[in-house]
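What follows is one structure encoded as structure tokens, with my remarks underneath.
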Amino acid sequence: MSAALKYTLGRIGLFVAVLAGLWLIDMNVFLKLMLALAFSAALSFFLLRGWRDEMAEEIGTAAERRRTEKERLRTALAGEDDANPDPTRPTEGPDTPR
């Protein structure tokens, strides 16, 4: 299971648990929802720290992989790739004399 999915399900689970606890108290439903959101956010800051760090690392790794692939594609499109390993010998193309 991906770290982002695990963290998201943890946040939803905390929200539902806090809302269930607040449901027993007699107050406005909108107020219950707002309090459940605030309390679950505060609890998740402490309780889900490991999953949040794992998710951030996963996202950072994916961003670095995309950045590397983007740079590889840019150099390939610019003609700076290693298609011609011998720089003294020109590649054959429409501008190359024969």
Next item on the list: Output all residues satisfying salt bridge (charged side-chain N to carboxylate O under 4.0 Å, His left out) with E54, sequence neighbours left out; order by chain, then residue number.
Entry: K6
Margin query: Going by the rule salt bridge (charged side-chain N to carboxylate O under 4.0 Å, His left out), which residues pair with E64 if we only count those two or more places apart in sequence or in a different chain?
Written below: R67
Notebook entry, point to check: Does F46 sit in a hydrophobic cluster with other residues, and if so which ones, taking ILVMFWY side chains as linked at heavy-atom separations under 4.5 Å, directly or through other members?
Noted result: F45
Can I get a per-line list of side-chain donor-acceptor pairs under 3.5 Å for residues 8-20, giving both atom names and the distance, sequence neighbours left out?
residue: T8; atom: OG1; partner: A4; partner atom: O; Å: 2.8
residue: R11; atom: NE; partner: S44; partner atom: OG; Å: 3.3
residue: R11; atom: NH1; partner: Y7; partner atom: OH; Å: 3.4

Checklist line | Minimal non-hydrogen separation, A3 against E58, with atom names | finding: N-OE1, 3.4 Å
Side-chain polar contacts of residues 28-37 - donor-acceptor pairs under 3.5 angstrom, sequence neighbours left out - could you list them?
residue: N28; atom: OD1; partner: F30; partner atom: N; Å: 3.3
residue: K32; atom: NZ; partner: W23; partner atom: O; Å: 3.4
residue: K32; atom: NZ; partner: I25; partner atom: O; Å: 3.2

Check: Quick one: side-chain hydrogen bond (donor to acceptor under 3.5 Å, both in side chains) partners of R65, sequence neighbours excluded?
Finding: none
Note to self: So, using side-chain hydrogen bond (donor to acceptor under 3.5 Å, both in side chains) as the criterion, who are the partners of E69 when residues are at least two apart?
What the structure shows: R72
Check: Going from CE on M27 to CG on L22, what distance comes out if it is rounded to the nearest 0.5 angstrom?
Finding: 6.0 Å
Note to self: Does E57 have more than 12 heavy atoms from other residues, nucleotides or ligands lying within 6.0 Å of its CD?
What the structure shows: no
